[in-house]
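Here's the structure, in structure tokens; my notes come after.
Quick note: numbers below take in every heavy atom, side chains included, and nothing from hydrogens, waters or symmetry partners.
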Amino acid sequence: LAERPDGLESAKRYAMSVFILSNDPKIASEAMLLSIDLSMRLKDLDEAKKTWRELKQRFPVIAKSAKAKKLAEKLNVN
């Protein structure tokens, strides 16, 4: 991904649209994790936390994965 803020913002919007529109749990959960990561990189912590809460609600098993736990630690949520 481009490190330019506009590139990150575009990537975040795309990831968000994927997790909103996808009916596939694997794709939607991966898009949510990506969206959380991108939101954090863009310093949009409110959006990252909002997406984290939705991830925990929709995909509780994924929220317990190592990848998700690493993001939660960085975001300071559980």
Could you state whether [X] and [Y] fall into the same hydrophobic cluster, counting links through intermediate Ile, Leu, Val, Met, Phe, Trp or Tyr residues with side-chain heavy atoms under 4.5 angstrom apart?
| X | Y | value |
| --- | --- | --- |
| Leu33 | Leu21 | yes |
| Met32 | Ile62 | yes |
| Leu55 | Tyr14 | no |
| Leu45 | Trp52 | yes |
| Leu34 | Ile27 | no |

Between the main-chain N or O of Asp6 and the side-chain N or O of Ser10, is there a donor-acceptor pair closer than 3.5 Å?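 Answer holds: yes.
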Does any N or O in the side chain of Ser22 come within less than 3.5 Å of the main-chain N or O of Phe19, such that one atom is a donor and the other an acceptor?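 Between the backbone of Phe19 and the side chain of Ser22 there is no qualifying donor-acceptor contact (under 3.5 Å).
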Minimum heavy-atom distance Ala31-Ala15, with the two atoms named: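 Shortest heavy-atom contact: CB-O, 3.5 Å.
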Do you know which two heavy atoms are closest between Ala63 and Ala68, and how far apart they sit? O-CB, 3.5 Å
Is the count of non-hydrogen atoms from other residues, nucleotides or ligands lying under 6.0 Å from Asp24 atom CG greater than 12?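 Yes, because the 6.0 Å sphere around CG of Asp24 holds more than 12 heavy atoms from other groups.
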In Å, rounded to the nearest 0.5 Å, how long is the span from [atom1] of [X] to [atom2] of [Y]?
| X | Y | atom1 | atom2 | result |
| --- | --- | --- | --- | --- |
| Met16 | Leu38 | CE | CG | 10.5 Å |
| Lys49 | Ile36 | NZ | CD1 | 12.0 Å |
| Ile20 | Glu54 | CD1 | CD | 7.0 Å |
| Arg58 | Ser29 | CZ | OG | 9.0 Å |
| Glu30 | Phe59 | CD | CZ | 10.5 Å |

Hey, does Arg53 have a side-chain heavy atom less than 4.5 Å from the side chain of Gln57? no
Are the charged groups of Asp46 and Lys50 less than 4.0 angstrom apart, N to O? no
Is Lys12 salt-bridged to Glu9, going by a charged N under 4.0 Å from an acidic O?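 Salt bridge: yes.
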